Amino acid sequence: MGSVAYGQPLPLDPTSSSSFRLFRLFERLLVWARIRFVIEMARLFFLGFYEDFRRFLVGLERELDRSETEAQYKLLWAIKAEASEKMDVLLDHLGPLEHYRYKGQGLVEYLIGAQRLQELRLFVKATKLEGEAEGLIDGTKVAFVTSLAQRQLTESQRIAMLEKYRELVEPLEPTP
């Protein structure tokens with residue numbers, strides 16, 4: 001380490017040089033380019049995810065319509081509910097990014113698109129409502145069977161009830 005003698009000029013401060021200013025400008029441009037690259041990649045990944053999501057919904061609805069037993073329906077419903085929960089977590093994580101602006105709009109809106117974002121939110125809400133409805137239906141089934149078991153049925157009433165039960169439980173035959 002050298003010593004500075006009084007009266008001798010100090011070397012120029014390197015942080016005030018034009019090279020340093022150019023380096024800082026380049027560094028800012030590099031950060032901006034990285035952020036822009038990450039945003040654009042996230043947008044592309046999300047668009048791919050969204051197409052997969054649309055195919056999933058179409059296939060799931062088709063399979064739900066074709067399900068013949070309650071077990072099949074419950075399995076498909078569980079898959080839909082799990083997907084909805086994961087989607088809800090994703091939307092919650094994206095929530096704080098909505099306040100940032102990018103290219104004249106909200107960052108999340110830029111990444112996803114307003115219509116797609118609304119569709120995802122509606123999917124989550126609709127699935128929650130369907131889940132509540134399924135819970136109410138299951139509760140009603142139990143209440144009905146309980147009240148039915150408490151009643152004394154005649155032989156003809158029991159036979160009619162069993163026939164009706166078989167009609168409801170048997171898989172539907174496909175129509176030509």
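If you're wondering where the values come from, they're calculated on a predicted model, not measured in any experiment.
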Give every donor-acceptor pair under 3.5 Å between a side-chain atom in residues 95-102 and any protein atom, sequence neighbours left out.
from	atom 1	to	atom 2	distance (Å)
Glu98	OE2	Arg121	NH2	2.3
Arg101	NH2	Gly104	O	2.8

Basic-acidic side-chain contact under 4.0 Å: Glu132, Lys128: no
Inter-residue atom distance Asp88.CG - Lys125.NZ, 0.5 Å rounding: 10.5 Å
Value rounded to 0.5 Å, distance of CG in Leu91 from CG in Leu120: 5.5 Å
Phe56-Leu47 co-clustered via ILVMFWY side chain contacts under 4.5 Å: no
In one Ile/Leu/Val/Met/Phe/Trp/Tyr side-chain cluster, 4.5 Å: Phe53, Phe45: no
Arg116 side chain vs Ile112 backbone, donor-acceptor pair below 3.5 Å: yes
4.5 Å side-chain heavy-atom contact, Thr127 and Trp77: yes
Distance (rounded to the nearest 0.5 Å) between Tyr110 OH and Gln105 CD: 7.5 Å
From Glu85 atom CD to Leu90 atom CG, the distance as rounded to the nearest 0.5 Å: 14.0 Å
Test item: Gln72 side-chain N/O and Thr69 main-chain N/O as donor-acceptor pair under 3.5 Å: yes
Test item: side-chain donor near acceptor, Glu63 and Tyr73, under 3.5 Å: no
Test side chain to side chain donor-acceptor pair (under 3.5 Å) applied to Arg54 - qualifying residues, sequence neighbours left out: Glu119
Leu111 side, atom CG; Glu40 side, atom CD - distance, nearest 0.5 Å: 8.5 Å
Salt bridge Arg62-Asp65, side-chain N to carboxylate O under 4.0 Å: no
Selection residues 24-33 - residue pairs positive for side-chain hydrogen bond (donor to acceptor under 3.5 Å, both in side chains), sequence neighbours left out: Arg24-Glu27
Between CZ on residue Phe37 and CG on residue Leu30, distance to nearest 0.5 Å: 12.5 Å
Main-chain N/O of Lys80 paired with Ser84 side-chain donor or acceptor, under 3.5 Å: no
Path from Leu94 to Leu122 over hydrophobic side-chain contacts below 4.5 Å: no
Ring centroid separation Phe46 to Phe49 under 6.0 Å: yes
